[in-house]
Amino acid sequence: MNLFTAINEGMRTAMQTDPTAITFGEDVAFGGVFRCSVGLREEFGADRVFNTPLCEQGIAGFGIGYAAMGGTAIAEIQFADYIFPAFDQLVNEAAKFRYRSGNQWNCGGLTVRTPCGAVGHGGHYHSQSPEAYFTHTPGLKVVMPRGPVDAKGLLLASIRSPDPVIFMEPKVLYRAAVEDVPDEDYEIELGKGEIMRQGTDVTVVGWGGQLRVLEKACDLAEQNGISCELIDLKTLAPWDVEIVTESVMKTGKLVVSHEAPLTGGFAAEISSTIQEECFLSLEAPVQRVCGADTPFPLVFEKYYVPDDLKNFEAIKKVMNY
Amino acid sequence: MIRSAPLALRLSSRRLSSSISSQCSAFNGKGRLQSELCSKALTSLRGPSNRHFSSSTLHDISTVDIDSDSRIYAGDVPLPLTTDCTIFEADDIPTGKYPVFRVMDENGVIRDDAKGPQYIDPELNEEHAVKMFRTMSRLNVMDNIFLNAQRQGRISFYMSSQGEEAVHIGSASALDNKDVIFAQYRETGVLMWRGFTMSQFADQCFSNSGDLGKGRQMPVHYGSRALNFHTISSPLTTQLPQAAGAAYAMKMEAIRNGSNRAAGVTVCYFGDGAASEGDFHAAMNIAATMDAPIIFFCRNNGFAISTPVADQYRGDGIASRAKGYGMASIRVDGNDLFAVNAATARAKELALSENRPVLIETMSYRVGHHSTSDDSTRYRSTEEIKKWDNEDNPIDRFRRFCEAKGWLDEERVQTIRDEEKINVLQALESAEKKGPPALATMFDDVYKEKTPELERQEAKLLEHVAKYPERYTGPGH
């Protein structure tokens, strides 16, 4: 099963098990531009699976209000690049809904799904990974799966989470990634990372689509006799500090990589926390391997992205420090 | 044609210290319409002849004739009046200026030249009328005392509702607590009508341990789960698309229960300034396309902080926009409690029975400053404010009606105001004595469960505070 089908399965399971669950957004009714909602309208009806007007702030606000009345709202923003009209609703409203009311009200039933990341030809506005804007907002959870199995389990956990979740789907994986996804209803706990590959020399941390790049980089490193411990954070807010600190205590070296621009990116948060928590264990400066601080450049994509070679170089650098 | 009451009749019992009235005013003095221009206004509501109400005709006119067939509201534009409580379908909105529905004139007299009386509940009795009067008075008294408390530095900030009391009580009294409220911030009377207590208001404004919001938001950001009133946030208009989603949730709940009628209507209040935000468009359009049973309730009070409606829009106010959204709408005299009540009741029935949105625009005037951080005399004259407060005060309008019925007299009005004053002062005093919420609650409710990082930050903060107790502990944190 590929990733878009896993997402579709996750939504189907959520809607089968929760009569209040609705799925909506631009072009959702016919199945969505990435086919994630295909067949849902036929199964659950036009009241529960529907198109909205082309208006991201409307989608987000509508979802917040629906969730505030106790319903489960699964909203789709067609591209993460277009989430910014909804930024106010997500940052000022969804994130603070519980806190500002003294826990009288909440919109925890809201999940905002949105495709993110580079895809080879997306240019400025079909390539961005804006996770760091949302990890900077207390009250929101931010999740990004690395493949189909995680996508279904993390999506179900997000939809059922009592807090609003921004669920970012690496669109490069929609069709590319294929895994055996269990048919049953399962959740993967939010806020917990996973050691994908055990290692002893360097800790390598990433999330989402970047993990496929990092696996290649780790393979290159292994071929050069370097043992990498590869960690998938899965949830960026709240992120699993413990799993990274434990690994770095062991390896003494850390490389963090994401597609989004370097400055103010989430790698900076991880790097800073690790130097606070693991200062005496660190044997080399933490390396961030990220997108450049430029808008996402169409024709220069292969230069812009933090590919396996750039990560391989960073791994060697911390080894040779 | 009924003229304004002589001043002597008008305010035999002035409201207790309307704090702004010392620097205020009202009608802009451009109002008197030549009878040949206005007398046919009602009959021509649907015709292009209404266009003869051009502002150039009116600028030479010096006296106010507030009971002619048209009237000047916010924006200095004369608007035709009607005693017909028709909620216009999008395709039926009259050409020319959107008419204003009004039942009761400035003298508290029910206009009987058309359908006026039918909008007064025949069951309306003294008890209910006095309750409405009392609640408007309570709101007004609370506003004046809380404004003073802010000046004295006892609370940090306040926003009052002077001049808009009939909008609040007129609409709230047409609803019940099953109806869901999303508000902006100047709808205090709606929450008051629903049962928010004086202590709850005071506790919120003092950010004390009794505040349902746990001291986390500035004064006047009230909210009450028990009263189905969503907690107010400062960003403008964000509540509109949310309310559309809430209304849809109510509709879906009904459908799951085998009904086509939601248990309550969702009512979303906002101001004329808020209607300029993108979220206004987002909400109107999504509510219309989703057939959400909701009332969008615009309080057009003439100002967004200092910005007059002339700088806010070029169209005919807010109600006229309903046409573009395929939405039903009605425009109402906001200082007429009966008109606001009737329009809200009709809109509620339409929204619930036909599962669709209705836009209400009430026309009134913000007599008070925007907030305690604002001095509105820097952008409007005290004469203008005073004139509104004196000549078209919504509480006085309703009081005159009650007086004519024999339900109120000067003495009873005074008694009510005195009683409410005591209640407010007691609540204020008691709120002041309560301490702030415990520091440990600062990290609660960010998420349903506290995250490990929040626990770390909390422990670190408490340790730091324990190290410097003289700096951090003590009254008010």
Side-chain angles (χ1 to χ4, degrees), chain A residues 19-20 22 24 45 47-48 50-71 73 75 85-86 88-89 92-110 138-141 161-164 191 237-242 273, chain B residues 180 182 204 211-217 221 223-226 229-235 237-253 255-256 266 268 277-279 281-290 292 437 441 444-449 451-454 456:
Chain A
T20 75
I22 57 171
F24 56 97
D47 283 341
R48 294 181 64 194
F50 51 87
N51 288 335
T52 63
L54 206 165
C55 182
E56 289 76 15
Q57 65 207 84
I59 293 167
F62 186 91
I64 292 167
Y66 188 87
M69 299 307 292
D88 188 34
Q89 284 288 351
N92 270 332
E93 297 292 318
K96 298 167 177 64
F97 217 89
R98 184 190 296 277
Y99 193 78
R100 76 183 184 207
S101 72
N103 201 28
Q104 293 187 87
W105 299 99
N106 72 80
C107 63
L110 173 69
L140 294 179
K141 289 185 173 173
S161 159
D163 304 300
W239 67 287
D240 191 343
V241 177
E242 203 179 337
T273 302
Chain B
V180 180
F182 283 80
Q204 198 282 332
D211 173 17
L212 295 174
K214 303 186 186 175
R216 291 166 183 165
Q217 290 210 82
H221 291 63
S224 169
R225 179 96 196 196
F229 190 102
H230 284 265
T231 301
I232 291 162
S233 72
S234 305
T237 330
T238 48
Q239 77 276 22
L240 272 71
Q242 294 168 15
Y248 191 73
M250 297 289 282
K251 175 175 133 175
M252 290 297 287
E253 184 185 31
I255 290 171
R256 286 196 302 276
T266 301
C268 184
E277 290 279 4
D279 271 349
H281 167 69
M284 295 296 126
N285 205 31
I286 206 166
T289 56
M290 295 310 301
T441 64
D444 293 343
D445 309 328
V446 180
Y447 299 95
K448 185 158 189 288
E449 306 292 339
T451 62
E453 180 57 30
L454 282 168
R456 273 191 287 273

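Naming: A, B, ... by sequence-line order, numbering from 1 per chain. Remember, it's a predicted structure, so these values are computed and weren't measured experimentally.
Both the backbone and the side chain of Ala244(B) come within contact range of chain A, judged by heavy atoms closer than 4.5 Å. For Arg216(B), the part lying under 4.5 angstrom from a heavy atom of chain A is the side chain only. In this structure, no portion of Thr273(A) lies under 4.5 Å from any heavy atom of chain B. There is no contact between Asp240(A) and chain B, counting heavy-atom distances below 4.5 Å. Only the side chain of Phe50(A) comes within less than 4.5 Å of a heavy atom in chain B; its backbone stays farther off. Both the backbone and the side chain of Gln57(A) come within less than 4.5 Å of a heavy atom of chain B. Only the side chain of Asp88(A) has a heavy atom closer than 4.5 Å to any heavy atom of chain B. Heavy atoms closer than 4.5 Å to chain A are found nowhere in Leu240(B), neither backbone nor side chain. Neither the backbone nor the side chain of Lys96(A) comes within less than 4.5 Å of any heavy atom of chain B.
Most heavy-atom pairs under 4.5 Å with chain B, from the set Ile22(A), Thr20(A), Ile59(A), Asp47(A): that is Asp47(A). Per-residue heavy-atom pair counts under 4.5 Å with chain A were compared for Ser233(B), Ser234(B), Gly278(B), Ala292(B), and the maximum is reached by Ser233(B). Note: Thr231(B) leads Asp211(B), Thr231(B), Thr266(B) in heavy-atom pairs under 4.5 Å with chain A. The residue among Thr451(B), Thr289(B), Asp279(B), Asn285(B) with the most heavy atom pairs within less than 4.5 Å of chain A is Asp279(B). Contact tally against chain B (heavy-atom pairs below 4.5 Å) for Cys55(A), Gly139(A), Cys107(A): the top residue is Gly139(A). Ranked by heavy-atom pairs under 4.5 Å with chain B, the list Ala67(A), Pro19(A), Ala60(A) is led by Pro19(A). Among the candidates Arg456(B), Glu453(B), Arg256(B), the residue making the largest number of heavy-atom pairs closer than 4.5 Å to chain A is Arg256(B).
When all heavy atoms are compared, the tightest approach of Tyr447(B) to Leu140(A) is OH-O, 2.7 Å. Contact detail for Glu93(A) and Pro235(B): the closest heavy-atom pair is OE2-CG, 3.8 Å. The two residues Gly102(A) and Asp445(B) have their closest heavy-atom pair at C-OD2, 3.8 Å. Gln89(A) and Thr238(B) make their closest contact through NE2-O, 3.0 Å (heavy atoms, listed as atom of the first residue, atom of the second, distance). Across Gln104(A) and Leu212(B), no two heavy atoms sit closer than the pair NE2-CB, 3.4 Å. Nearest heavy atom pair, residue Ala249(B) against residue Met69(A), reads CB-CB, 3.7 Å.
With sequence neighbours excluded, no residue forms a side chain to side chain donor-acceptor pair (under 3.5 Å) with Asn106(A). Residues passing the salt bridge (charged side-chain N to carboxylate O under 4.0 Å, His left out) test with Lys251(B): none are found, sequence neighbours excluded.
The aromatic rings of Phe62(A) and Tyr248(B) are tilted relative to each other, their planes meeting at an angle between 30° and 60°.
Side-chain atoms of Gln242(B) never come within 3.5 Å of backbone atoms of Ile64(A) as a donor-acceptor pair (strictly under, hydrogens ignored).
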